[in-house]
Amino acid sequence: MTPEEFSYLADFLKKESGLVVSENKGYLIESRLLPIAREQGLEDVSGLVKKMRSGAAKTLLDEVTEAMTTNESFFFRDKTPFTIFEETVLPALQEARGASRKLRIWCAAASTGQEPSSLSMILKEWAEKKPAWNSEIIGTDLSADVLRRAKLGQYTQFEVQRGLPVQMLMKYFKQEGNDWEVAPEIRSMVQYRKLNLLENFNSLGKFDIIFCRNVLIYFDQPTKAEILERMSRMLAPDGYLFLGAAETVIGITDTFKPQAGQRGLYVPAEQARGAAVA
């Protein structure tokens with residue numbers, strides 16, 4: 001792959017998905033796109049670039065984008081956000097939503113479904129103590145392939161061993177051969193939709209909680225700021241935003257403030273509740 005071909009792919013990925021690929025990541029493009037090139041009967045990534053430039057079908061362009069933006073996920077990833085969700089956020093919203101008894105949650109980078117499924121299991125346990133609450137989770141991702149897997153709710157032995165407590169596995173999963181399948185009552189709590197964060201997502205409606213973890217790190221600063229600003233308009237004034245451990249709003253946007261003492265948790269700036277000063 002020549003520098004000019006790398007530049008073409010980097011520009012294409014930035015435009016289609018917001019992904020910023022630095023010049024030292026040529027090996028990553030090669031490793032992820034070579035299998036696609038071979039499936040197309042092409043010898044290498046250079047041939048793939050030539051085909052893309054000659055007016056390739058949208059399905060191929062989507063496949064290239066998805067190959068570069070698919071990220072791993074696992075149950076209860078990083079643990080702390082789920083503890084904060086259960087011990088801090090849910091009690092606060094339980095009090096604030098006492099009249100409607102409804103919660104809406106958006107997982108903005110749902111991948112293969114481990115994050116929304118983890119939240120569903122927490123909510124299921126919570127509902128046993130707080131009946132008559134209606135919780136809705138929307139899981140979105142750019143990749144149609146990972147969303148198909150998420151909807152199936154089937155995971156390998158290796159995947160369920162990554163972060164999933166044994167008691168949750170035994171209670172909410174059924175073994176099917178060498179794999180494990182999420183229980184229907186957990187799977188039915190999540191609606192999955194294909195969505196590009198660069199595009200308008202107002203149609204999703206308002207949310208009480210947004211999880212947007214480990215995805216903004218792939219965008220440049222202006223794109224991060226723009227996405228966060230649009231997310232702020234979709235979050236309830238007393239809602240909560242979860243970002244990844246390596247992510248922050250500081251120096252990017254003034255629409256959110258960090259919540260004091262709660263790593264990765266942010267609140268709308270105008271309604272900051274004991275928030276740390278940015």
Side-chain angles (χ1 to χ4, degrees), residues 1-23 25-73 106-116 137-154 190-205 210-231 234:
M1 180 173 58
T2 67
E4 194 270 338
E5 289 166 344
F6 173 87
S7 179
Y8 167 81
L9 286 170
D11 290 345
F12 168 80
L13 292 167
K14 174 69 167 60
K15 178 183 176 184
E16 294 298 314
S17 67
L19 179 68
V20 176
V21 185
S22 57
E23 292 182 2
K25 297 288 184 169
Y27 71 93
L28 183 64
I29 288 182
E30 290 274 4
S31 64
R32 293 198 178 182
L33 298 189
L34 185 56
I36 296 176
R38 296 281 168 78
E39 287 174 4
Q40 294 290 318
L42 304 168
E43 185 176 337
D44 51 28
V45 174
S46 293
L48 181 63
V49 169
K50 185 176 180 180
K51 184 165 185 175
M52 291 171 67
R53 283 177 148 170
S54 66
K58 187 177 185 303
T59 52
L60 176 59
L61 300 180
D62 288 345
E63 194 175 350
V64 168
T65 303
E66 291 182 13
M68 291 301 303
T69 55
T70 299
N71 300 296
E72 71 166 4
S73 181
W106 176 21
C107 293
S111 189
T112 44
Q114 285 94 325
E115 180 180 82
I137 301 175
I138 305 295
T140 66
D141 202 280
L142 175 65
S143 170
D145 185 54
V146 298
L147 289 175
R148 279 193 291 272
R149 284 204 59 209
K151 290 175 184 177
L152 283 174
Q154 294 178 342
V190 188
Q191 299 177 40
Y192 290 103
R193 303 180 190 176
K194 189 175 187 296
L195 179 75
N196 188 335
L197 289 177
L198 297 185
E199 298 172 356
N200 189 310
F201 42 68
N202 290 342
S203 61
L204 295 178
I210 297 176
F211 277 76
C212 185
R213 302 169 61 227
N214 307 309
V215 61
L216 294 181
I217 54 175
Y218 298 104
F219 299 151
D220 60 21
Q221 296 289 80
T223 305
K224 289 178 186 178
E226 193 264 339
I227 291 173
L228 286 167
E229 197 281 327
R230 287 191 287 130
M231 281 186 171
M234 299 180 62

Between [X] and [Y], what is the shortest heavy-atom contact and its length?
X: S111; Y: A150; answer: O-CB, 3.8 Å
X: D141; Y: V146; answer: OD1-CG2, 3.6 Å
X: E66; Y: S143; answer: OE1-OG, 3.3 Å

Say you draw a straight line from [atom1] of [X] to [atom2] of [Y]; how long is it, rounded to the nearest 0.5 Å?
X: L228; Y: F219; atom1: CG; atom2: CZ; value: 10.0 Å
X: Q221; Y: L216; atom1: CD; atom2: CG; value: 10.0 Å
X: S73; Y: R213; atom1: OG; atom2: CZ; value: 8.0 Å
X: L147; Y: L142; atom1: CG; atom2: CG; value: 9.0 Å

Quick one: list whatever passes ring pair (Phe, Tyr, Trp, His ring centres under 6.0 Å) with Y192, sequence neighbours left out.
none
My understanding is that only residues two or more places apart in sequence, or in another chain, count here; which of them pass side-chain hydrogen bond (donor to acceptor under 3.5 Å, both in side chains) with [X]?
X: R38; value: none
X: E229; value: R233
X: E4; value: R53
X: E30; value: none

Between side-chain atoms of residues 6-15 and protein atoms elsewhere (two or more places apart, or another chain), which donor-acceptor pairs fall under 3.5 Å?
{"from": "K14", "atom 1": "NZ", "to": "D220", "atom 2": "OD2", "distance (Å)": "3.2"}

Looking only at side chains, do Q114 and T112 share a donor and an acceptor under 3.5 Å apart?
yes
Taking atom types as modelled, is there a side-chain donor on T65 or E16 under 3.5 Å from an acceptor on the other?
no
Are the side chains of [Y] and [X] in contact, using a 4.5 Å heavy-atom criterion?
X: L33; Y: V64; result: yes
X: V215; Y: C212; result: yes
X: L60; Y: L48; result: yes
X: F201; Y: M231; result: yes

Please lay out, stage by stage, how T140 and L204 fare under the test side chain to side chain contact (heavy atoms under 4.5 Å, CB included).
CA-CA 10 Å; T140 66; L204 295 178; 4.3 Å; yes
Chi angles and distances behind the side chain to side chain contact (heavy atoms under 4.5 Å, CB included) call for I29, M1:
CA-CA 9 Å; I29 288 182; M1 180 173 58; 4.0 Å; yes
Looking at K50, I want to see if its NZ is surrounded by more than 12 non-hydrogen atoms of other residues, nucleotides or ligands under 6.0 Å.
no
Does [X] have any side-chain contact (heavy atoms from CB on, under 4.5 Å) partners at least two apart in sequence or in another chain, and if so, which?
X: Q191; value: E136, I138, R193
X: N202; value: N200, M234
X: Y218; value: L19, N71
X: S22; value: N24, K25

Using the side chain to side chain contact (heavy atoms under 4.5 Å, CB included) rule, take T223 and L198 through it: C-alpha gap first, then chi angles, then the decisive distance, then the call.
CA-CA 8 Å; T223 305; L198 297 185; 3.6 Å; yes
E39: which residues meet the salt bridge (charged side-chain N to carboxylate O under 4.0 Å, His left out) condition with it, sequence neighbours left out?
none
Sequence neighbours left out, what passes salt bridge (charged side-chain N to carboxylate O under 4.0 Å, His left out) with R149? Give chain and number order.
E159
